[in-house]
**Student:** 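My questions will all concern the structure given below.
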Amino acid sequence: MVERRLAIAPATLVSAYRTMYTARRIDDKELVLKRQNRVYFQISGAGHEAVLIASGLHLRPAYDWFFAYYRDRALALHLGITPYDQLLGAVAAKDDPNSGARQMPSHWSNPDLHVFSRSSATGTQFLQAVGAAEAGYRYSLIKEIEDRAAHFKHDEIVYVSAGDGTTSEGEFWESLNTACNLKLPVLYLIEDNGYAISVPVEVQTAGGSISRLVSSFPGLYIEECDGTDLLASYETMGRAVEYVRERRGPALVHAHVIRPYSHSQSDDESAYRPAEERAIDAARDPIKRLGDLLVGERILTREELQRVRDEADAEINEAAERALMIPQPPKDSATLYVYSPDVDPTSSEFDTEDKVNLSGNEGTMVDLINRCLYEEMERNPRIVVLGEDVADASRAEYLNRIKGKGGVFKVTANLQRRFGSDRVYNTPLAEANVIGRAMGMAARGLKPVAEIQFFDYIWPAFMQMRDEVPLLRWRSNNSWKCPMVVRVPVGGYLKGGAIYHSQSGVSTFTSIPGWRVVMPSTALDANGLLRTAIRSDDPVLFLEHKHLYRQTYNKSRYPGADFMIPFGKAKVAREGTDLTIVTYGALVQRSLVAAKQAAGKGIDVEVIDLRSLNPYDWQAIERSVRKTNRVIVAYEDFASWGYGAEIAARVADELFDHLDAPVKRVAALDCFVAYAPDVEDATLPQIEDVLKAIQEIAAY
């Protein structure tokens, strides 16, 4: 009779109670340890336990995928992340399986269970979850991937959760747009405890209800529930999970939970919540409610319920004692796993430059980038190309009647015609959407080559590109990775590009550990560096200077399908003995012209084309400066705090004894590029600026 009325077996209810109680008591244990200064941060999952266990009872670890947020302690326990695992993270032990003590506690991660590493940034997880769901979708479509059946399940679900406050982030809405548009199997759990730190839900959300606000999304199953009631939550989550598993589209469950503890140990909710409001929450405590149910339905006596608690307390105390015995990671571990320990794109394995056999007619940078993409997609069916306007036509039925787009600069032209719309496709005009989805796909073994249409519009994706993509491997202690390529047209010298089509702020990204950043100046280098980028195991930002796309002076014949240039290998574009110019991108040609003019004045200039900006070839710079004893750093970035400032500073620091003149920088003015061509010319470094610097340094 009990089983039939409750819909959950008594043993399962007891197990659920034990897990919920354990989650709460781990919170309490961490708070005690925090006061003893043996835990350094604490954030609670209290009050959310019932709906999380209800979710876990319908979901499958190591089958479904989980983008769980920091209040999902009870779900993490249910999936198999033990109290000991969780306390190892809390005390910053070197054996912390979640992050190796690199992240705060409650940032769950376990590849074997499909629990994805999460950052502290709010909202970024939504697009990554959509990307993970899209990965399964793409695997189901791309039949050329021989082992694709091992990488997705036909009824898998991607679970993603957040608090009500996080739904104010734009990436939440971007993710819903794509999940509904592609009918992806994403299960959203919004755990609404009424507050985002101190901001109440009616201030965060128009109308005070996120489920009502998203009700117009087509195909989105929406249901609300009392998230403190295990049985009600179980029934609601069951309907939502069934909807998603049947591939009818995404679902969103809006669970009303409580927050009996402050937001975190650094917050005091009594400063903004009166006692009577907190008392109302306490009356809905999910652990008390389930305990009362177990006793009321005579599944357990009060004494048996206490034994369950005592057993959980003993396990937690023992786990805490064990965790406290594990030392912190060694200090010299700080730089481990910034980049792949397995694939080194700076190695000779990626260097076929000296063996190249050129053939055929000369092509522009656009031509050789396009050919590299074509050949790499032939070679590796896991490569997908996505971005704004990258397809020939989203309406594929038009392809036999139209020329096709293939990117605003035609770099991806005809790729969709050859490889189909499952592998080359357009995205919404939303840069975070492009990068977040690509990250989720890359983490599941696909190889996204994403395009941001203009560098000037990359900034909506900056949270993904600063806090997520480059940090995934490091923050998970090498448990997760997302090798992907982001292609971006960049730079000025366009005439008419103006403020928002001429930026060249590469130092913004070269200063972020985890990114490989390259910028070729010739068609041949673009082909070889892009192939290395695609075959590497790290995220790569591949910068393509728009001014160089179709120049005749940097054209090249075809180098072959295995031509690669390693990262961190500069090229001596011109040999010289009197002075060194270190440069990259569009300044290479301007420096070569200035060097030729300087030769007429008796000054022999060496020009170093870095090609790779992070890493960069310090040895090539050092050799040249030791030879010439004079150096100019020429770059298109702002003069102040720009990329060249780092090179200049290091030369001054490490090669001072070899210098016969100050280090000179030639760079853009500290302002943006104007529409007027004359003002643009005055803003960006020109040939005459480089020549003037050569003469000044040579005469010093």
**Student:** Give a yes or no on whether the backbone of Ala46 and the side-chain of Arg71 come within a donor-acceptor separation of less than 3.5 Å.
**Tutor:** no
**Student:** Looking at every non-hydrogen atom in both residues, tell me the closest pair between Met20 and Pro286 and how far apart they are.
**Tutor:** CE-O, 3.6 Å
**Student:** Arg475 side chain to Ser117 main-chain N or O, any donor-acceptor pair under 3.5 Å?
**Tutor:** yes
**Student:** Cation-pi between Arg322 and Tyr84: NZ/CZ under 6.0 Å from ring centre and within 45° of the ring axis?
**Tutor:** yes
**Student:** Answer yes if the side chains of Gln128 and Gln464 hold a donor-acceptor pair under 3.5 Å, and no otherwise.
**Tutor:** yes
**Student:** Tell me yes or no: between the side chains of Ser161 and Asp72, is some donor less than 3.5 Å from an acceptor?
**Tutor:** yes
**Student:** Let me see the working for Met463 and Glu169 under side-chain contact (heavy atoms from CB on, under 4.5 Å), right down to the final yes or no.
**Tutor:** CA-CA 11 Å; Met463 182 70 88; Glu169 295 283 1; over 6 Å; no
**Student:** Yes or no on side-chain contact (heavy atoms from CB on, under 4.5 Å) for Arg309 and Tyr17, after CA distance, side-chain angles and deciding distance?
**Tutor:** CA-CA 9 Å; Arg309 294 172 182 154; Tyr17 180 84; 2.8 Å; yes
**Student:** Of Val295, Val14, Leu290, Asp310, which meets side chain to side chain contact (heavy atoms under 4.5 Å, CB included) against Leu305?
**Tutor:** Val295
**Student:** Hey, is the main chain of Thr508 close enough, under 3.5 Å, to the side chain of Ser511 for a donor-acceptor pair?
**Tutor:** yes
**Student:** If you round to the nearest 0.5 Å, how far is OG1 of Thr427 from CD1 of Ile435?
**Tutor:** 9.0 Å
**Student:** Over 60° means perpendicular and under 30° means parallel, so classify the ring planes of Trp65 and His114, tilted if in between.
**Tutor:** parallel
**Student:** Using the side chain to side chain contact (heavy atoms under 4.5 Å, CB included) definition, which of the options Asn110, Leu88, Thr82, Asn477 pairs with Pro97?
**Tutor:** Leu88
**Student:** Looking only at atom types and distance, does a side-chain atom of Glu451 sit under 3.5 Å from a main-chain N or O of Gly387, one as donor and one as acceptor?
**Tutor:** no
**Student:** Compare all side-chain heavy atoms of Tyr159 with those of Leu79 and state whether any distance is below 4.5 angstrom.
**Tutor:** no
**Student:** Between Asn433 (side chain) and Pro428 (backbone), is there a donor-acceptor pair under 3.5 Å?
**Tutor:** no
**Student:** Between Thr167 and Asp164, is there a side-chain donor-acceptor contact under 3.5 Å, judged purely by atom types and distance?
**Tutor:** no
**Student:** Using side-chain contact (heavy atoms from CB on, under 4.5 Å), reason through Leu336 and Asn478 one step at a time and then give a plain yes or no.
**Tutor:** CA-CA 9 Å; Leu336 283 177; Asn478 202 38; over 6 Å; no
**Student:** Taking it one step at a time, do Arg289 and Thr228 satisfy side chain to side chain donor-acceptor pair (under 3.5 Å)?
**Tutor:** CA-CA 8 Å; Arg289 293 182 74 175; Thr228 67; 2.6 Å; yes
**Student:** Is the side chain of His107 donor-acceptor paired with the backbone N or O of Pro105 at a distance under 3.5 Å, no angle test?
**Tutor:** yes
**Student:** Please check: side-chain N/O of Asn317 versus main-chain N/O of Asp313, any donor-acceptor pairing under 3.5 Å?
**Tutor:** yes
**Student:** Looking at Ala442 and Met484, what are the two nearest heavy atoms and their distance?
**Tutor:** CB-CB, 4.2 Å
**Student:** Any salt bridge linking Asp64 with Arg245? Criterion: basic side-chain nitrogen under 4.0 Å from a carboxylate oxygen.
**Tutor:** yes
**Student:** Between Arg25 and Asp28, does any NZ, NE, NH1 or NH2 come within less than 4.0 Å of an OD or OE carboxylate oxygen?
**Tutor:** yes
**Student:** Assess the residue pair Asp155 and Arg60 against the criterion (salt bridge (Lys or Arg N to Asp or Glu O under 4.0 Å)); give the C-alpha distance rounded to whole Å, side-chain angles, the decisive distance to 0.1 Å, and a yes or no.
**Tutor:** CA-CA 11 Å; Asp155 64 344; Arg60 308 169 189 168; 3.5 Å; yes
**Student:** Do we get Arg138 above Tyr425's six-membered ring, with its NZ or CZ under 6.0 Å from the centre and within 45° of the axis?
**Tutor:** yes
**Student:** For the residue pair Thr19 and Ile53, what are the closest heavy atoms and their distance?
**Tutor:** CG2-CD1, 3.5 Å
**Student:** Give me the one residue out of Tyr337, Trp108, Phe116 that meets ring pair (Phe, Tyr, Trp, His ring centres under 6.0 Å) with Trp480.
**Tutor:** Phe116
**Student:** List the steps, then state whether side chain to side chain donor-acceptor pair (under 3.5 Å) holds for Asp268 with Ser270.
**Tutor:** CA-CA 5 Å; Asp268 178 7; Ser270 66; 2.6 Å; yes
**Student:** Should the heavy atoms of other residues, nucleotides or ligands under 6.0 Å from CZ of Phe672 be counted, would the total exceed 12?
**Tutor:** no
**Student:** Quick check: does any side chain N or O of Arg212 sit under 3.5 Å from a backbone N or O of Gly207, one acting as donor and the other as acceptor?
**Tutor:** yes
**Student:** Is the backbone of Val517 close enough, under 3.5 Å, to the side chain of Asn614 for a donor and an acceptor to pair up by distance?
**Tutor:** no
**Student:** How long is the straight-line distance from CD of Glu202 back to CD of Gln204, given to the nearest 0.5 Å?
**Tutor:** 10.0 Å
**Student:** Hey, is Arg259 close enough to Asp281 for a salt bridge, meaning N to O under 4.0 Å?
**Tutor:** no
**Student:** Considering all heavy atoms of both residues, which atom of Ser233 and which atom of Gly227 are nearest to each other, and what is their separation?
**Tutor:** OG-CA, 3.4 Å
**Student:** For residues 260-279, which residue pairs pass the ring pair (Phe, Tyr, Trp, His ring centres under 6.0 Å) check, not counting sequence neighbours?
**Tutor:** Tyr195-Tyr272
**Student:** Taking the six-membered ring for Trp, are Phe454 and Tyr457 parallel (under 30°), tilted (30 to 60°) or perpendicular (over 60°)?
**Tutor:** perpendicular
**Student:** Could you check whether any side-chain N or O of Trp515 sits under 3.5 Å from a backbone N or O of Met465, counting only pairs where one atom can act as donor and the other as acceptor?
**Tutor:** yes
**Student:** When you look at Gln125 and Thr166, which way does the side-chain contact (heavy atoms from CB on, under 4.5 Å) test go after all the steps?
**Tutor:** CA-CA 10 Å; Gln125 73 270 29; Thr166 299; 4.3 Å; yes
**Student:** Checking ring pair (Phe, Tyr, Trp, His ring centres under 6.0 Å) against His58, which of Tyr243, Tyr63, Tyr234 comes through?
**Tutor:** Tyr234
**Student:** For the residue pair Asn98 and Ser109, what are the closest heavy atoms and their distance?
**Tutor:** OD1-N, 3.1 Å
**Student:** Please find the pair of heavy atoms, one from Glu30 and one from Leu87, that lie closest to each other, and give the distance.
**Tutor:** CG-CD2, 4.0 Å
**Student:** Would you say the ring centers of Tyr188 and Phe67 fall short of 6.0 Å from each other?
**Tutor:** no
**Student:** Among Arg24, Arg284, Arg18, exactly one meets salt bridge (Lys or Arg N to Asp or Glu O under 4.0 Å) together with Glu49. Which residue is that?
**Tutor:** Arg24
**Student:** Tell me which one of Glu223, His256, His254 satisfies side chain to side chain contact (heavy atoms under 4.5 Å, CB included) with Ser211.
**Tutor:** His254
**Student:** Distance only, no hydrogens: is a donor on one side chain within 3.5 Å (strictly under) of an acceptor on the other, for Ser507 and Asp637?
**Tutor:** yes
